[in-house]
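The figures here come from the full heavy-atom set of this structure, side chains too, leaving out hydrogens, waters and symmetry mates.
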Amino acid sequence: MVGRNGTGKSTFLKILAGLMQADSGAVVRSRDLVIGYLSQDFTLDESKTVFENVRCGAQHLLDLIAEYETLPGHSTRADDLEHRIQALDGWNLDYRIKEALSHLNAPEGDLMITNLSGGEKRRIAMAKALVSKPDLLIMDEPTNHLDPEAIEWVIEYLLGFRGAFLVVTHDRYFLDRITTSIVEVANGKIYSYEGNYTDYLISKAERQSAEERQEDVRQGFLRKELEWVRRGPKARTTKSKIRLDRFFEIESQGPPVKEMAVDMVIPPPQPLGNRVVDLEDVGMELGGRTLFENLTFKFEKGTKVGIAGRNGLGKTTLLKIMIGQLEPSMGTVKIGELTKFNYVDQSRLQLDPEKSVYDELGQGSDVVEFGDHKLSVRAYLKRFLFSDDRITTQVRHLSGGERSRLLLARILKNGGNFIVLDEPTNDLDLATLRVLEEALISFQGSVLVVSHDRYFLNRVCNQMVIFEGEGKVVHSVGNYDYYFEKKQAAAKAASASQLSAKGTSGNRDDGKKSAGKTRKLTYKEQMELAGMEDAIMEAEQEVARIDGVLTSPDFYKKHEQHAQVNADQEAAKGKMAVLYARWEELEKIDKA
């Protein structure tokens, strides 16, 4: 389920889960239906441990086990309960809880809830919803605070899930992987589309195009009938009355409601100097633990860098080191004299909940400095979809998405030539995300963003800094998918090399044949290796070209052959992966 923030998605989920009553209509549920529900405002029992909280999510299963243990083994009821418990994998409940906590990178099971962070509690609530194995699983923003590896595990879990599930999320990569249909809430209506997120974009564009054609027909009819009305026929016959009634009926229908988009234009940045930010052999230790070390990185003008990796490895710490808020334990950070940071914090604590939206944004002023000119606070806020009544609302009454938009509005008004965003996609709706992406893509300064949103990273970033664990941080040119594909190709090449080595050792004839001889490249292979870098560069350029086509804002309106373009993209990426694997193989032989 997708839609703008405030359209009623979370309310609908609560009605479906039985936590709220609808004003009209009826919700009919199957008998003995078991519902698992992960809400945005979840609650955990702070008197219990992590493990005990997650175990409570399977209370219906625990009740079945408790009843089974009170019955004699030969009873019919005991047989029935045993089959139900086995179907729910009930005897392995504790193992499944430990597995879920591990894959979600949640805290240890014996810890108390009280002192955990919001993100840690979110992952515990996620595990609690999943281990229950319900008939219907309802999740509201499940991927918030989850790292890419945890999201991938949830995706695999849901792909194998036997029940039905309904998920509200703004994670487009997640939607593309798991959904078989999309429902959109817009203007008080629900529209249904078959397929995943990409299919939804295509179908929605087609629906909007059809509505526009229908509106053209309606306007043509109204113009024609209005001319007839103005001519004022002498006799108001029955036929004339019917015609007039038809005119007023069609006139009252009104045009289709157009979606408002956030006008997120970032003020033009001041020029950057020759030095933006330089990191040399930077490392950080906290509490006797080395988060990372030996990181050398140089920001260039216009560089858009994404930082990704598991939670707790030091991503936000590195971000703060880069902008000068933290001193590294080792190495040096040099910030250019003309570099002006604009930092959007991961937490929402920068907003005063008691202030109105107007006061929080204006900070005592009625105008906003926007580049070389000024805007009124109200005009600026309307660019971020705040209506007149919401502009005077206190911050504490705003939704999560509205708070995010207000925070972005407040930070981005300050301009700067180096924008730094820590988890900017949490709580933003899809329409706002797309506009933010477009604004960052067209921004002429530098951008640094920490995010778990693969779709966002793929669209915005041209370089990645990845935390791979155990203190290892790697730099990769290109977006997240490009890094991931290179990593997979390298892993496949390494695996193939190991298999080849095993096969070679197994075919030795007691060391009598080819003893001490090393395989050398043939002349043909030498020529192939010499041209490999050019071939890879050509393949990378083709992938980048197709990515540019797919990520253009009007792709789904202008291109009819969507499936063919997607197929071309897969083929180009496959060719690139094969070239990398072959390059790795030839390099190893050449250096042996």
Practice item. Evaluate whether atom NZ of K355 has more than 12 neighbouring non-hydrogen atoms of other residues, nucleotides or ligands under 6.0 angstrom away. Key: yes
Study note, to complete from the structure: Note: F443 and V447 closest approach over all heavy atoms is CD2-CG2, 3.8 Å
Check your understanding: Are any of the side-chain nitrogens in E528 or R582 under 4.0 Å away from the carboxylate oxygens of its partner?
Key -> yes
Exercise for review: Scan side-chain atoms only and decide if D176 and T198 contain a donor-acceptor pair under the 3.5 Å cut-off.
Suggested key: yes
Check your understanding: Just wondering, are more than 12 heavy atoms of other shown residues or ligands nearer than 6.0 Å to CD in E538?
Key -> no
Study note, to complete from the structure: Of all heavy-atom pairs linking Y480 and P148, the shortest is OH-CB, 3.7 Å
Exercise for review: Carefully, step by step, assess L338 and Q270 under the rule side chain to side chain contact (heavy atoms under 4.5 Å, CB included).
Suggested key: CA-CA 8 Å; L338 299 180; Q270 300 169 346; over 6 Å; no
Review point. Taking side chain as C-beta onward, heavy atoms only, is Y193 less than 4.5 Å from V2?
Key: no
**Study point:** Approximate separation, where rounding is to 0.5 Å, of N417 CG and Q444 CD
**Key:** 12.0 Å
**Study point:** Shortest non-hydrogen contact from R122 toward N144
**Key:** CG-O, 3.6 Å
**Study point:** Atom pair CD1/CZ of I391 and R378 - distance to nearest 0.5 Å
**Key:** 5.0 Å
Review point. Is a side-chain N or O of S356 found less than 3.5 angstrom from the main chain of D359, in a donor-acceptor match?
Key: yes
Review point. V449 versus L440: any side-chain heavy-atom pair under 4.5 Å?
Key: no
Check your understanding: Hey, are the side chains of V168 and S10 touching, using non-hydrogen atoms and a 4.5 Å cut-off?
Key -> no
Review point. Got V474 and K487 here, is their nearest side-chain heavy-atom distance under 4.5 Å?
Key: no
Check your understanding: What distance separates K472 NZ from L313 CG, expressed to the nearest 0.5 Å?
Key -> 13.0 Å
Study note, to complete from the structure: dist L448:CG -> C461:SG (nearest 0.5 Å) comes out at 8.5 Å
Check your understanding: Heavy-atom distance under 4.5 Å between the side chains of L38 and M126, does that happen here?
Key -> yes
Check your understanding: Do F174 and V154 come within less than 4.5 Å of each other through their side chains, counting heavy atoms only?
Key -> yes
Review point. Is there a donor-acceptor contact under 3.5 Å from the side chain of T339 to the main chain of V276?
Key: yes
Review point. What are the two closest non-hydrogen atoms of Q463 and H475, and how far apart are they?
Key: OE1-NE2, 2.5 Å
Practice item. Please assess E108 against V50 for the test side chain to side chain contact (heavy atoms under 4.5 Å, CB included), listing each intermediate value before the final yes or no. Key: CA-CA 7 Å; E108 294 295 327; V50 169; over 6 Å; no
Review point. Any ion pair linking E152 and R177 (charged N to carboxylate O, less than 4.0 Å)?
Key: yes
Revision key, fill the gap. Of all heavy-atom pairs linking R390 and V357, the shortest is O-CG2, 3.3 Å
**Study point:** Side-chain (S442) to main-chain (A439) donor-acceptor, under 3.5 angstrom
**Key:** yes
Review point. Got Y157 and L104 here, is their nearest side-chain heavy-atom distance under 4.5 Å?
Key: no
Check your understanding: So do L318 and L279 actually touch side chain to side chain, heavy atoms under 4.5 Å?
Key -> yes
**Study point:** Which atom of T296 lies closest to which atom of D281, heavy atoms considered
**Key:** OG1-N, 3.1 Å
Point to revise | Lys/Arg-Asp/Glu bridge criterion (N-O < 4.0 Å) met for E337, R275 | key: no
Review point. How are the rings of Y197 and Y455 set to each other: parallel, tilted or perpendicular (split at 30° and 60°)?
Key: perpendicular
Practice item. For the pair D422 and I307, evaluate side chain to side chain contact (heavy atoms under 4.5 Å, CB included) and give the outcome as yes or no after the intermediate values. Key: CA-CA 9 Å; D422 196 355; I307 301 179; over 6 Å; no
Exercise for review: Any chance you could measure K304, atom NZ, to L457, atom CG, to the nearest 0.5 Å?
Suggested key: 14.0 Å
Review point. So, the side chain of K315 versus the backbone of F467: is there a donor-acceptor pair under 3.5 Å, distance only?
Key: no
Exercise for review: Would you check if the side chain of Y380 reaches a backbone N or O of A409 as a donor-acceptor pair within less than 3.5 Å?
Suggested key: yes
Exercise for review: Identify, with sequence neighbours excluded, every residue that meets salt bridge (charged side-chain N to carboxylate O under 4.0 Å, His left out) alongside E120.
Suggested key: none
Review point. Parallel, tilted or perpendicular: which fits the ring planes of F297 and F299, with parallel below 30° and perpendicular above 60°?
Key: perpendicular
Practice item. Verify side chain to side chain contact (heavy atoms under 4.5 Å, CB included) between L130 and F161, making sure each step is shown before the conclusion. Key: CA-CA 10 Å; L130 293 181; F161 184 63; over 6 Å; no
**Study point:** Spacing of F418 atom CZ and I323 atom CD1 [to the nearest 0.5 Å]
**Key:** 9.0 Å
Review point. Which of these passes side-chain contact (heavy atoms from CB on, under 4.5 Å) with S365: V368, L361, V367?
Key: V367
